[in-house]
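These notes are about the structure you will find just below.
Remember, predicted model here, so these are calculated numbers, not experimental data. Hydrogens, waters and symmetry mates play no part in the numbers below; they use all other heavy atoms, side chains included.
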Amino acid sequence: MPLDEKVLAELRARLSGRVITPDDSAYDQARTVFYGGIDRRPQAILLPQSDADVRQVVTWARESGSELAIRGGGHSPVGHSLSDGGVVLDLREMKGFDLDLERRTAWAQGGLTAGEYTSAAGAHGLATGFGDTGSVGIGGLTLGGGVGFLVRKFGLTIDDLLAADVVTADGQLLRAQAESNPDLFWAIRGGGGNFGVVTRFQFRLHPIEPFVGGIFVLPATADVVAGFLAEAEAAPEELSTIANVMPAPPMPFVPPEYHGKLIVLAFMAFAGKVEAAERALAPFRGLATPIADMVRPMKYPEMYGPEPGDYHPTAVGRTMFVDSIDRSIAQDILARLEASDASVRVAQLRVLGGAMARVPNEATAFAHRASRILVNLAAFYEGVEDRPRREQWVKEFEATLRQKDNGAYVNFLGEEGPSLVHRAYPGSTWDRLVDVKRRYDPGNLFHRNHNLPPDSP
């Protein structure tokens with residue numbers, strides 16, 4: 001049932017920001033998220049301008065019983081940043097950025113994207129490691145862990161999180177850090193949006209000049225795929241890589257004769273001197289004659305290339321960790337990709353380790369510090385009738401690759417259900433997170449996420 005005029009008037013009176021309803025011309029654009037195929041219709045989209053606005057919305061949602069969704073960048077693969085029939089607290093207009101050059105720290109509001117933050121910090125030769133897509137919001141990415149271009153050199157995004165301002169379910173604004181509310185601070189470093197709305201993050205920044213990076217493309221054979229992973233594991237920590245094994249898209253830097261053929265399209269990111277980067281990259285260049293080699297000295301923000309604003313892919317996927325990828329497994333990956341006719345299908349392989357692995361598992365709610373390779377499998381689908389076939393393909397692909405590491409990275413989880421959330425938070429991590437959830441959100445107001453129900457045993 002739509003919100004009546006009295007309720008809408010109350011919301012508008014409480015907020016300094018906009019209230020967008022279904023009869024507004026901006027409504028359809030405001031409820032559009034990154035992924036296509038998500039068509040949820042909230043009763044209102046609320047755009048706060050301040051912490052006080054956020055507190056008002058959270059208090060109103062709790063008292064009214066309305067379902068509350070939190071939107072930062074709108075990149076949730078399953079559309080958690082929208083509510084069908086509830087309200088959306090949309091942080092996109094809260095983009096404050098306060099840089100302390102002397103201490104190399106920054107306070108950033110939750111509406112910033114990774115690209116916006118990185119450009120602002122990069123103007124001073126500094127960086128915090130986020131993900132690999134500039135339009136992703138810093139909020140959701142950080143709360144789930146943050147695996148990106150600098151993961152081996154500087155660790156996860158949460159490893160550079162120093163403090164956060166959190167509006168909890170009772171409407172309080174709390175500072176979570178090592179010295180105050182340490183249980184909440186532990187939980188938000190990997191536990192997702194289960195505990196409140198983070199309005200501001202304080203991050204550590206690192207000098208990021210010189211830097212060498214860019215796209216690197218090789219033909220995909222079993223030897224090349226296995227060799228790439230082996231070289232990525234053996235590389236110095238300054239080098240982080242993301243290898244996408246996929247049919248070559250018709251991009252201008254890929255010669256036409258390779259279009260549609262399997263390639264390794266990799267992002268290479270070396271946080272260090274040019275001479276050291278050349279030594280680290282030489283083994284990759286020796287795996288095969290590159291199809292494209294765009295790796296060069298650059299400013300770190302250039303790693304986030306331009307993104308079309310009207311790009312809304314419809315895709316299904318699976319995420320997992322694996323212990324190793326040898327030639328035999330690489331051959332299986334290639335065979336699975338060849339067997340599909342999806343317009344886009346990919347096995348994305350990220351070698352971990354380095355700084356990320358030196359943080360104890362129990363230090364944060366991200367419990368996969370020893371995991372060696374993060375794998376994401378995805379296929380695009382064309383319409384709802386095509387989706388079941390693509391889902392079956394990724395499900396069987398995942399089963400083929402499953403190894404001893406049974407964990408999952410929460411930021412890449414789809415709609416697989418509670419068992420997958422348990423894999424993201426295994427054993428004592430789950431128990432501790434549920435205990436924090438009971439204390440800060442006993443009514444599960446914040447459940448539009450990969451949820452940790454407070455009544456879990």
Side-chain angles (χ1 to χ4, degrees), residues 17-18 26 29-30 32-35 45-51 53-54 70-76 81 88-101 103-151 154 156-166 188 193 197-209 211 213-214 240 242 267 269 271 298-312 411:
R18 291 185 292 157
Q29 180 61 38
T32 298
V33 292
F34 175 75
Y35 286 100
I45 299 169
L46 316 173
L47 290 94
Q49 303 293 306
S50 65
D51 290 354
D53 279 354
V54 174
I70 313 301
R71 174 179 173 142
H75 275 254
S76 165
S81 43
V88 175
L89 177 57
D90 189 332
L91 298 171
R92 75 178 83 189
E93 294 185 354
M94 294 181 65
K95 292 182 180 291
F97 181 80
D98 185 10
L99 178 65
D100 186 329
L101 285 174
R103 293 182 173 84
R104 288 180 181 164
T105 62
W107 279 101
Q109 285 188 307
L112 283 167
T113 65
E116 290 167 341
Y117 178 109
T118 300
S119 293
H124 302 276
L126 301 171
T128 301
F130 291 108
D132 55 87
T133 304
S135 59
V136 170
I138 65 170
L141 185 144
T142 300
L143 296 175
V147 179
F149 293 132
L150 303 175
V151 65
F154 299 127
L156 301 171
T157 306
I158 55 174
D159 298 332
D160 283 326
L161 183 63
L162 303 174
D165 288 344
V166 187
I188 64 171
V197 183
V198 181
T199 60
R200 288 202 311 163
F201 299 84
Q202 186 188 36
F203 293 108
R204 180 187 298 112
L205 290 152
H206 302 275
I208 197 65
E209 294 179 353
F211 178 82
S240 296
I242 303 174
F267 293 92
M298 63 167 62
K299 299 293 186 181
Y300 177 66
E302 294 179 65
M303 288 297 291
Y304 293 128
E307 298 176 51
D310 58 351
Y311 180 60
H312 301 290
N411 275 353

Open item on the list: Applying salt bridge (charged side-chain N to carboxylate O under 4.0 Å, His left out), can you list everything that pairs with Asp51, at least two apart in sequence or on another chain?
Closed with: none

- [ ] Given side chain to side chain contact (heavy atoms under 4.5 Å, CB included), test Val197 with Leu91 step by step and report yes or no.
- [x] CA-CA 10 Å; Val197 183; Leu91 298 171; 4.1 Å; yes

Task: Side chain to side chain, Ile45 and Arg71, heavy atoms closer than 4.5 Å - done: no

Open item on the list: How long is the straight-line distance from CZ of Phe267 back to CD1 of Ile242, given to the nearest 0.5 Å?
Closed with: 7.0 Å

Open item on the list: Applying side chain to side chain contact (heavy atoms under 4.5 Å, CB included) to Phe34 and Thr133, what does each step give before you reach the verdict?
Closed with: CA-CA 12 Å; Phe34 175 75; Thr133 304; 5.7 Å; no

Open item on the list: Please check: side-chain N/O of Tyr304 versus main-chain N/O of Gly131, any donor-acceptor pairing under 3.5 Å?
Closed with: yes

Open item on the list: Is it the case that the side chain of Asn411 and the backbone of Leu141 share a donor-acceptor pair, with hydrogens and angles ignored and the cut-off at 3.5 Å?
Closed with: yes

Open item on the list: Run the ring pair (Phe, Tyr, Trp, His ring centres under 6.0 Å) test against Tyr35 and tell me which residues pass, sequence neighbours left out.
Closed with: none

Task: Partner residues of His124 under the side chain to side chain contact (heavy atoms under 4.5 Å, CB included) criterion, sequence neighbours left out - done: Leu99, Leu101, Leu126

Task: Donor-acceptor contact below 3.5 Å, side chain Arg92 vs main chain Ala30 - done: yes

Task: Member of Phe201, Phe154, Phe203 meeting the ring pair (Phe, Tyr, Trp, His ring centres under 6.0 Å) criterion with Phe130 - done: Phe203

Open item on the list: Once side chain to side chain contact (heavy atoms under 4.5 Å, CB included) is applied, do any residues pair with Ala120, and if so which ones, sequence neighbours excluded?
Closed with: Phe97

Task: Summary of salt bridge (charged side-chain N to carboxylate O under 4.0 Å, His left out) pairs that have at least one residue in residues 108-117, sequence neighbours excluded - done: Lys95-Glu116

Open item on the list: For a quick test of reading the model, state the closest non-hydrogen atom pair linking Thr157 to Gly129 and the distance between them.
Closed with: OG1-O, 2.6 Å

TODO: Using salt bridge (charged side-chain N to carboxylate O under 4.0 Å, His left out) as the criterion, list what pairs up with Glu93, not counting sequence neighbours.
DONE: Arg18

TODO: May I have all residue pairs that pass salt bridge (charged side-chain N to carboxylate O under 4.0 Å, His left out) and include part of residues 117-131, sequence neighbours excluded?
DONE: none

Task: Separation of Asp98 CG from Gln109 CD (nearest 0.5 Å) - done: 10.0 Å

Task: Beyond-backbone contact of Leu156 with Val151, side-chain heavy atoms, under 4.5 angstrom - done: yes

Task: Glu307 side-chain N/O to Gly134 backbone N/O, donor-acceptor pair under 3.5 Å - done: yes

TODO: Any salt bridge (charged side-chain N to carboxylate O under 4.0 Å, His left out) involving residues 120-134? Give me the pairs, sequence neighbours left out, ordered by first then second residue.
DONE: Asp132-Arg350

TODO: Kindly write out the residues that satisfy side-chain hydrogen bond (donor to acceptor under 3.5 Å, both in side chains) with Ser81, not counting sequence neighbours, or none if the list is empty.
DONE: none

Open item on the list: So, using side-chain hydrogen bond (donor to acceptor under 3.5 Å, both in side chains) as the criterion, who are the partners of Asp159 when residues are at least two apart?
Closed with: Arg369

Open item on the list: Checking side chain to side chain contact (heavy atoms under 4.5 Å, CB included) between Met94 and each of Thr199, Leu112, Leu47, Asp53, which is the one that passes?
Closed with: Thr199

Task: Minimum heavy-atom distance Gly122-Pro301, with the two atoms named - done: CA-CG, 3.9 Å

Task: Pairwise distance CG(Leu143) to CG(Leu161) - rounded to 0.5 angstrom - done: 8.0 Å

- [ ] Not counting sequence neighbours, which residues clear side-chain hydrogen bond (donor to acceptor under 3.5 Å, both in side chains) with Thr128? List them please.
- [x] Tyr117

Task: Student check: side-chain heavy atoms of Ser76 and Val33 closer than 4.5 Å - done: no

Open item on the list: One pair to check against side chain to side chain contact (heavy atoms under 4.5 Å, CB included): Phe211 and Met298. What are the steps and the verdict?
Closed with: CA-CA 6 Å; Phe211 178 82; Met298 63 167 62; 3.7 Å; yes

Task: Residues in side-chain hydrogen bond (donor to acceptor under 3.5 Å, both in side chains) contact with Asp160, at least two apart in sequence or another chain - done: Arg204, His206

